[in-house]
Structures are given as structure tokens and as C-alpha cells.
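All values reported here derive from a predicted model rather than from experimental measurement. Residue numbers count from 1 along this sequence.
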Amino acid sequence: MAENEWLTKDFYKVLGVSKDASESDITKAYRKLARQYHPDLNKTKEAEEKFKDISEAYDVLSDKDQRQKYDAIRQFGMGGARFAGGGAGGFDGAGFSDIFGSMFGGGAGGNGSRIRFQTQGGGQPNLNDIFSMFGGAAGAGQGGSPYGAGSQYGYEQPPRPEDGEDRNSKINLTFRQAVKGATVSLSVDGKKFKAHVPAGVKDGQKIKLAGKGKPGRNGGKTGDLYLNVSVAHDPRFSMRGNDIVMTLPVTVGEAVGGAKIEVLDIDGNPVTFKVPAGSSSGSEVTIPGKGVQTGNRSGDLIGRVEIHVPAKPGLGLKRMAKEFDKESGDFVGTLNR
């Protein structure tokens with residue numbers, strides 16, 4: 001937007017801040033309004049126009065130099081400076097030293113009190129001639145704009161911040177690392193760093209590492225890095241929520257009569273399951289608190305009963321098995337097969 005349009009735009013009112021608002025206040029106001037009126041979130045035509053207005057206001061007020069020019073132009077346009085006609089087509093602006101003194105080093109007249117605007121052919125000066133002085137290009141209206149072609153006495157809008165893109169990477173974990181958590185070494189753009197994988201992570205899960213993606217542009221925030229987790233299969237152990245489930249091999253006698261079965265857990269430490277009498281394959285026996293540890297919570301260690309028999313039973317064992325079935329009475333008939 002050209003500077004000669006600033007007279008009709010109250011950017012402070014657009015953002016809902018006071019004229020002495022700090023840079024932080026301006027940024028907070030812009031972000032709040034942007035979330036409310038961004039076209040991706042608010043599909044109305046009114047929201048689209050509102051978003052353009054707040055973006056224009058933020059572009060000017062967030063830039064120290066542009067804000068200084070804007071404040072000066074607004075004060076001039078609202079009657080803050082008085083002018084008296086000068087001879088030979090000149091134009092005196094005694095009040096400009098108070099408004100623009102910091103920009104022009106105390107005024108062009110040497111005494112800090114008078115600024116003379118010379119127009120071609122006499123008459124009143126064009127506002128564009130006055131505005132052009134803010135860019136150090138008085139009289140440039142006869143040629144191209146000092147701020148770029150196609151926008152006479154305008155300003156080149158500063159580039160908008162762009163967030164960096166996210167990255168994706170893969171990590172392979174053993175089952176034990178997934179259960180216990182692990183610290184892994186990673187490398188991005190040649191820079192090495194370590195990241196913690198939390199306990200209980202599942203195969204196919206994604207872990208977000210904030211700020212480890214591609215850098216932003218024009219002040220935008222850095223993207224994130226997403227780790228795609230692959231957990232190796234374990235023949236004995238699996239996870240179900242925060243519980244660790246393991247196979248628990250038992251004999252026919254142990255399943256029928258009940259038994260205490262000692263096995264090794266995921267850490268290789270011995271644990272004892274109490275298998276109740278009459279257990280069938282698929283029955284589960286639990287040891288509380290021996291599962292995945294997450295903060296102050298912990299899952300359980302669950303033993304899933306698997307009844308095993310000898311691959312090559314002898315004649316005596318076969319006879320005893322038949323006798324067992326006879327002693328079971330109607331049990332065989334109740335089986336769903």
C-alpha cells in the first residue's frame with residue numbers, strides 16, 4: 001500500500017491497540033486477530049478482507065522506520081502542521097520541524113524551524129512530493145518510484161515470515177528399548193544431537209521433536225522433526241497398552257493341577273507366575289507392576305498360558321493320556337470343535 005494512502009488508514013484502530021503500544025503489544029494483537037480471521041480458519045468474505053487489513057496494519061506498525069513515517073504522515077494529515085504560502089512557487093512548513101525533525105536532522109532551513117518544499121510551476125505542493133521525502137527521493141515523481149516499479153511513492157512490502165518445513169526420519173528400536181525407553185543419536189544437516197524416546201513407544205508411532213526441522217525464512221519459526229518408530233518383533237514378548245504380555249509354557253500336569261512357574265522377564269530377571277488349577281491355553285496370569293513404567297504409573301506383566309506336550313510321547317504316556325480323558329468325563333464332549 002502506498003504511503004499516500006496512510007492518511008485514510010488507522011492501523012492502531014485496526015489492531016485494537018493504542019498509539020503508544022509496544023512492539024510486543026502490536027505482535028500479540030496481530031496474532032490474536034490473525035487466528036480469528038485467517039482464511040484457512042474463517043471462510044467468510046468479511047474475514048478475508050479483515051485479514052488483509054490487519055496484515056497491512058501489522059506490516060507497517062511492526063517496522064520501526066515505517067511506523068515512524070506513518071505516525072508523522074498521520075499527524076500531518078490530521079492538521080498537525082500549518083503552512084504559509086511562499087514566493088516563487090515555494091511552500092513553507094514551519095510546523096514540520098516538530099513533526100519530522102528526527103527524520104531530517106532538525107529541518108532543512110538550518111535553524112530547525114522552517115522546511116521549504118519547492119514545486120514545479122508554482123502552486124501548492126503535491127502530497128506525493130512531500131511523501132517522497134520520507135524515502136530520500138524528493139521530486140522523484142518525475143521518474144520511477146524509488147521503492148520499485150509500478151508503485152509511485154509507495155513502499156515495498158516487507159516479506160512475510162514463513163515457517164520452516166517439517167522433516168521426517170526413521171528409527172529402529174529393539175523391543176526392550178521400546179519398553180524401557182532409549183536415548184538415540186540423530187543428525188540433521190550435519191549437526192548431531194541426542195533425543196529421548198519415551199518408554200512404551202509402539203511400532204508405527206511418530207515422535208515429534210520440536211524445532212528440529214528446516215529453518216524458517218524472514219523470521220518464521222523452525223519446522224519440526226517427526227521420527228517414525230519401527231519396533232523389532234520379539235518371539236516371546238509383546239505390548240498391550242502399558243502391559244507386557246509374554247508366553248508362559250506349562251505342562252498338562254501343571255495346567256490341570258496348578259503350579260508356580262518361574263521364568264525370566266524382559267530384563268532377564270526371574271519372576272514367578274502362580275498358575276491356577278484348571279488353566280487352559282490362552283488363560284492369563286498377572287504380576288502387577290511389572291509392565292511398562294511411565295512416570296508414576298506402571299503396567300502389569302501378563303503370562304499367557306500355553307500347554308505343551310512331548311513331541312514324541314511313549315506308549316505309557318499315550319495310555320495315561322487316554323485314561324486322563326476318561327477321567328475327565330463329559331469334558332471332551334463340551335469342547336467346541
Side-chain angles (χ1 to χ4, degrees), residues 1-81 96 98-105 127-128 130-138 140 144-166 210-224:
M1 180 176 63
E3 292 171 354
N4 56 7
E5 297 180 37
W6 287 356
L7 289 172
T8 61
K9 296 280 188 175
D10 189 342
F11 292 148
Y12 293 102
K13 184 177 180 180
V14 170
L15 294 182
V17 297
S18 63
K19 290 182 173 59
D20 59 352
S22 65
E23 293 181 10
S24 176
D25 293 335
I26 291 172
T27 299
K28 288 179 182 178
Y30 167 73
R31 290 177 177 173
K32 179 180 179 181
L33 293 171
R35 286 194 295 268
Q36 182 178 355
Y37 294 105
H38 195 284
D40 290 343
L41 302 176
N42 193 327
K43 302 296 184 180
T44 65
K45 182 66 177 178
E46 294 77 7
E48 181 179 352
E49 294 300 322
K50 182 70 174 178
F51 184 74
K52 290 180 181 178
D53 291 341
I54 63 178
S55 295
E56 290 176 349
Y58 178 71
D59 287 341
V60 174
L61 298 185
S62 63
D63 185 286
K64 182 178 180 181
D65 293 336
Q66 293 291 329
R67 182 179 179 181
Q68 189 178 21
K69 293 178 184 179
Y70 172 74
D71 289 341
I73 289 173
R74 289 282 294 178
Q75 186 173 351
F76 159 70
M78 295 170 63
F96 264 109
D98 296 330
I99 304 173
F100 305 142
S102 62
M103 298 182 188
F104 296 99
L127 284 181
N128 282 336
I130 299 174
F131 293 142
S132 67
M133 296 186 68
F134 290 95
S145 167
Y147 298 98
S151 179
Q152 186 176 10
Y153 304 115
Y155 74 98
E156 184 178 347
Q157 184 170 343
R160 295 182 182 276
E162 296 181 32
D163 293 344
E165 297 177 1
D166 295 333
K212 295 298 183 181
K214 295 184 179 180
R217 295 171 289 278
N218 307 318
K221 69 177 184 179
T222 304
D224 303 321

Do Gln66 and Pro158 have side chains that get closer than 4.5 Å, going by heavy atoms? no
Nearest 0.5 Å please: distance from the [atom1] atom of [X] over to the [atom2] atom of [Y].
X	Y	atom1	atom2	result
Asp53	Phe11	CG	CZ	8.5 Å
Lys43	His38	NZ	NE2	9.5 Å
Tyr70	Asp63	OH	CG	14.0 Å

Mind checking what makes side chain to side chain donor-acceptor pair (under 3.5 Å) contact with [X], not counting sequence neighbours?
X	answer
Tyr12	Arg67, Asp71
Thr44	Asn42
Asp20	Ser18

Please list, chain by chain and in numerical order, all residues satisfying salt bridge (charged side-chain N to carboxylate O under 4.0 Å, His left out) with Asp10, sequence neighbours excluded.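 Counting only residues at least two positions away or on another chain, Asp10 forms a salt bridge (charged side-chain N to carboxylate O under 4.0 Å, His left out) with Arg74.
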Partner residues of Lys214 under the salt bridge (charged side-chain N to carboxylate O under 4.0 Å, His left out) criterion, sequence neighbours left out: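 So Lys214 forms a salt bridge (charged side-chain N to carboxylate O under 4.0 Å, His left out) with Glu165.
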Could I get the full list of side-chain contact (heavy atoms from CB on, under 4.5 Å) partners for Lys52, not counting sequence neighbours?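 Checked Lys52 against side-chain contact (heavy atoms from CB on, under 4.5 Å); matches are Glu48, Glu49.
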Residues passing the side-chain contact (heavy atoms from CB on, under 4.5 Å) test with Lys64, sequence neighbours excluded, are none
For the residue pair Ala57 and Leu15, what are the closest heavy atoms and their distance? CB-CG, 3.9 Å
Can you name the closest pair of heavy atoms from Gly219 and Pro161 and give their distance? C-CB, 4.2 Å
Check: residues 23-34 side-chain donor-acceptor pairs under 3.5 Å, at least two apart:
residue: Asp25; atom: OD2; partner: Ser22; partner atom: N; Å: 3.4
residue: Asp25; atom: OD2; partner: Ser22; partner atom: OG; Å: 3.1
residue: Thr27; atom: OG1; partner: Glu23; partner atom: O; Å: 3.0

Taking only residues at least two apart or on different chains, which pairs with a member in residues 215-224 satisfy salt bridge (Lys or Arg N to Asp or Glu O under 4.0 Å)?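 Those involving residues 215-224 are Glu162-Arg217, Lys208-Asp224.
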Go through Arg160 and Asp59 one step at a time and tell me if the side chain to side chain contact (heavy atoms under 4.5 Å, CB included) criterion holds. CA-CA 8 Å; Arg160 295 182 182 276; Asp59 287 341; 4.1 Å; yes
